[in-house]
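Heavy-atom basis, side chains included; hydrogens, waters and symmetry copies ignored. This one's a predicted model, so the numbers in the text were calculated from it and none came from an experiment.
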Amino acid sequence: MYLSHAVRSIRRDPKPDEEVGLVVEVDPNAVETGAAGDTATDSDGDAAAPAPLREAVAAADGAVVRDLGFDAWLVRVPETGIDALCEVDAAVRIETDATIRLDPERPVESEDGDPP
């Protein structure tokens, strides 16, 4: 499983009172179908996270926020709950939800250092 550098850092030194938003990608071929491992639908009829991911997030006292498509889900868990997500066999990638953050107040500079 791939863990981004930020996730590895948080996992090594979690802050007990902090939450983190994570993007968890799941291998759909590794998730059993059927009652215990299905990808159910939520109350809105949207695809819900696979049961193993939902269970790990619940065990970590977190929440599945939404389906991002491409077999990825946005979740929020306490920083101390990252280990529980790493135990999900079907998880193939875990990254923070803020891997790239742009400052809308700061203009992008050109190669010569001037704003466009």
Side-chain angles (χ1 to χ4, degrees):
M1 167 190 334
Y2 171 79
L3 299 177
S4 71
H5 176 72
V7 171
R8 289 192 312 269
S9 295
I10 295 167
R11 186 179 185 198
R12 275 193 304 270
D13 188 22
K15 294 175 181 62
D17 298 332
E18 296 289 324
E19 274 195 347
V20 62
L22 300 170
V23 175
V24 181
E25 181 183 344
V26 176
D27 178 358
N29 298 319
V31 178
E32 294 178 24
T33 56
D38 65 333
T39 302
T41 56
D42 62 17
S43 60
D44 296 327
D46 296 327
L53 179 58
R54 291 192 316 262
E55 292 163 4
V57 170
D61 293 324
V64 175
V65 178
R66 72 175 181 268
D67 181 350
L68 299 173
F70 304 103
D71 303 310
W73 281 266
L74 176 62
V75 302
R76 286 208 60 80
V77 295
E79 288 186 1
T80 55
I82 291 175
D83 282 338
L85 297 179
C86 291
E87 296 297 319
V88 176
D89 290 335
V92 294
R93 176 183 296 267
I94 303 175
E95 300 184 57
T96 63
D97 67 343
T99 301
I100 299 175
R101 188 169 295 231
L102 300 176
D103 183 354
E105 301 298 318
R106 185 172 157 217
V108 177
E109 295 179 358
S110 66
E111 289 180 14
D112 60 5
D114 293 328

Worksheet entry | Closest heavy-atom pair and its distance - P52, V88 | O-CG2, 3.8 Å
Discussion item. For the OH atom on Y2, are there more than 12 heavy atoms of other groups (residues, nucleotides or ligands in this structure) within a distance under 6.0 Å?
Written reply: yes
Worksheet item: Are L85 and L53 side-chain neighbours, meaning at least one heavy-atom pair lies under 4.5 Å?
Response: yes
Practice prompt. Side-chain contact test, heavy atoms from C-beta onward, threshold under 4.5 Å: evaluate it for D27 versus D71 and give yes or no.
Written response: no
Discussion item. Working to the nearest 0.5 angstrom, can you tell me the gap between K15 NZ and E79 CD?
Written reply: 5.5 Å
Worksheet item: Is it the case that one hydrophobic cluster holds both V64 and V24, taking links as side-chain heavy atoms less than 4.5 Å apart, direct or via other members?
Response: yes
Worksheet entry | Test item: R66 side-chain N/O and L74 main-chain N/O as donor-acceptor pair under 3.5 Å | no
Worksheet entry | With I10, the side-chain contact (heavy atoms from CB on, under 4.5 Å) member among L3, L22, I82 | I82
Item to complete: Quick one: closest heavy-atom pair of S4 and T96, and the distance?
Response: OG-N, 3.9 Å
Worksheet item: If Ile, Leu, Val, Met, Phe, Trp and Tyr residues are connected whenever their side-chain heavy atoms lie under 4.5 Å apart, and connections chain through other members, are V57 and V20 in the same group?
Response: yes
Item to complete: Heavy atoms only: give me the nearest A60-G81 pair and the separation to one decimal.
Response: CB-CA, 3.7 Å
Practice prompt. Count the heavy atoms of every other residue, nucleotide or ligand shown that sit under 6.0 Å from CZ of R8, and state whether that count exceeds 12.
Written response: yes
Worksheet item: Transitively linked via ILVMFWY side-chain contacts under 4.5 Å: V7 with M1?
Response: yes
Worksheet entry | Least distance between heavy atoms, W73 atom then P50 atom | CH2-CD, 3.5 Å
Worksheet item: salt bridge (charged side-chain N to carboxylate O under 4.0 Å, His left out) with R93: which residues, sequence neighbours excluded?
Response: E25, E95
Fill in: Distance-minimising heavy-atom pair for T80 and P16
CG2-CA, 4.0 Å
Discussion item. For a 4.5 angstrom cut-off between non-hydrogen side-chain atoms, does I94 reach C86?
Written reply: yes
